[in-house]
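Dropping a structure here in structure tokens format, bear with me for questions.
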There are 2 protein chains.
Amino acid sequence: MLSMKTQYAFKALMYLAQKDNGEPILIAEIAEKKNIPLKFLENILLELKKAGVLDSKKGKGGGYFFNQRPTDVRLAKIMRLIEGPIALLPCVSLNFYQKCKNCDERHCGLSNVMKEVRDATLLILENKTVADIAFINI
Amino acid sequence: MLSMKTQYAFKALMYLAQKDNGEPILIAEIAEKKNIPLKFLENILLELKKAGVLDSKKGKGGGYFFNQRPTDVRLAKIMRLIEGPIALLPCVSLNFYQKCKNCDERHCGLSNVMKEVRDATLLILENKTVADIAFINI
DNA sequence: GTTATATGCTTTCGATGAAGACGCAATATG
DNA sequence: CATATTGCGTCTTCATCGAAAGCATATAAC
Ligand code: FES
Ligand code: FES
């Protein structure tokens, strides 16, 4: 399961993309509408800003808004940014690889299965963007 | 990423299945060969025993062995047992479902994507067993 | 029945994650 | 400049996780 931080990040981005009209949106508004602890959300949005996904404006009329276009922000990127590895094991992670002690990947059934899971997951998360989760047409 | 506990559980089961000849195997042996903290492993194996996957024998010549056949133990079952939900969001979990506040699943793009991820993951983990990760034929 | 061997159970400790409290810094408006 | 608004920074608290230690219990072997 995703950490609360990552879940909140996704929900906040979804909300931002839905209301996106160029105008900054208050942290407090997102927090209230999406049921996210305020100070926790501040932290999350700040990370997304430092990563270049969002930008912010201080003072009256300030708030958060997109720096990149929602259609350009892949879900996999957000996952890696906030959550860390997408793979279930360190030895099958593309971006956070760590070798297993006492286990040879080339002959390891476990890592093989987890590689399958990783690929299936990435196929989805690399091809969906923030825009995709914001607007749903049934 | 999986918790250390779950990673250890998988590795221990893999080792047990590989050496399975009916004879009990020492916790200490698994711990050493798979680089798992001893007392932590004791705990994990105990949980697997209580769940009916493994069984144990005390005293000299004791240790752990399979209660069910490795071909009958699906990886998804172990995941749910040790890790908890397989889904990335509580609102898309089959076995640990929890409703999202302020978010309607029927019109939520995020939960839709995560449902796709869950299904892709389950398709793999429900069809692979402990026996599959123990014996690898390249 | 005594002893060596193993598992079973409880407690403890530090590290990390989730969340809240308080104050500081920047900016729009007048 | 004065003030209200809003994002930023730091410190504290609480729960959970990873890991280790210590003692208790069961059993095979002699
Ligand atoms: S190599 Fe990582 S689990 Fe075997
Ligand atoms: S319903 Fe769970 S994220 Fe929208």
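Only heavy atoms go into these numbers, but all of them, side chains included; no hydrogens, no water, no symmetry mates. This structure is a prediction, so every number in the text was calculated from the model and none was measured. The chains referred to below are lettered A, B, ... by the order of the sequence lines, with proteins before strands, and numbering in each begins at 1.
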Figure out the CD/P separation between A/Glu47 and D/dC8, and round it to whole Å.
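Distance check: A/Glu47 CD to D/dC8 P gives 13 Å.
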
Applying side-chain contact (heavy atoms from CB on, under 4.5 Å), name anything that partners B/Lys128, two or more places apart in sequence or on another chain.
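Applying side-chain contact (heavy atoms from CB on, under 4.5 Å) to B/Lys128 gives A/Val113, A/Glu116, B/Leu75, B/Ile124, B/Asp132.
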
Nearest-Å distance for atom pair CD/C1', residues B/Glu23 and D/dA28:
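Distance check: B/Glu23 CD to D/dA28 C1' gives 13 Å.
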
Quickly work out the A/Phe40 CZ to D/dT13 C1' distance and round it to whole Å.
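Interatomic distance, CZ of A/Phe40 to C1' of D/dT13: 14 Å.
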
For the CD atom on B/Glu29, are there more than 12 heavy atoms of other groups (residues, nucleotides or ligands in this structure) within a distance under 6.0 Å?
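Check passes, neighbour count above 12.
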
Going by atom types only, do A/Gln98 and A/Ser93 share a side-chain donor-acceptor pair under 3.5 Å?
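Side chains of A/Gln98 and A/Ser93: no pair found under 3.5 Å.
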
A/Ile82 CD1 - C/dA18 P separation (whole Å)
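Answer to the nearest Å: 11 Å.
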
Tell me if the CZ atom of A/Arg80 is crowded by more than 12 foreign heavy atoms within 6.0 Å.
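Result for CZ/A/Arg80: enclosed.
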
Does B/Tyr8 put a side-chain nitrogen or oxygen below 4.0 Å from OP1 or OP2 of D/dG18?
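False: B/Tyr8 side-chain N/O out of range (4.0 Å or more) of D/dG18 OP1/OP2.
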
Considering residues at least two apart in sequence or located in another chain, which fulfil the side-chain contact (heavy atoms from CB on, under 4.5 Å) criterion with A/Gln7?
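A/Gln7 satisfies side-chain contact (heavy atoms from CB on, under 4.5 Å) with A/Met1, A/Leu2, A/Met4, B/Leu89, B/Pro90 only.
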
Report all side-chain donor-acceptor pairs from residues 41-52 of chain A shorter than 3.5 Å, counting only partners two or more places apart or in another chain.
residue	atom	partner	partner atom	Å
A/Glu42	OE1	A/Lys39	NZ	3.2
A/Glu42	OE2	A/Lys39	NZ	3.4
A/Glu47	OE2	A/Lys5	NZ	2.6
A/Lys49	NZ	A/Ser56	OG	2.9

Could you state the atom-to-atom distance from CE of B/Met1 to P of D/dG18 in whole Å?
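In whole Å, D/dG18 P lies 12 Å from B/Met1 CE.
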
Do the side chains of A/Tyr64 and A/Leu26 get nearer than 4.5 Å, heavy atoms only?
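When only atoms from C-beta onward are counted, A/Tyr64 and A/Leu26 do not touch, as no gap falls below 4.5 Å.
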
Quick one: what's the B/S/- string for nucleotides 3-14 of chain C, heavy-atom cutoff under 4.0 Å, read 5' to 3'?
--BSBBB-----

Nucleic acid contacts of residues 90-98 of chain A, taken as heavy-atom distances under 4.0 Å to DNA chain D
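None - not one residue of the stretch has a heavy atom sitting under 4.0 Å from the strand.
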
Considering residues at least two apart in sequence or located in another chain, which fulfil the side-chain contact (heavy atoms from CB on, under 4.5 Å) criterion with A/Pro24?
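A/Pro24: side-chain contact (heavy atoms from CB on, under 4.5 Å) contacts with A/Phe65.
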
Got more than 12 heavy atoms from elsewhere within 6.0 Å of NZ, B/Lys99?
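More than 12 within 6.0 Å, yes.
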
Atom NZ of B/Lys5 to atom C1' of C/dT16: distance rounded to whole Å?
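That distance rounds to 17 Å.
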
Whole angstrom is fine here: how far is it from CG in A/Leu54 over to C1' in D/dG7?
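Answer to the nearest Å: 13 Å.
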
Using atom CG of B/Asp55 as one end and atom P of D/dT27 as the other, report the distance to the nearest whole Å.
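After rounding, the gap between these two atoms is 11 Å.
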
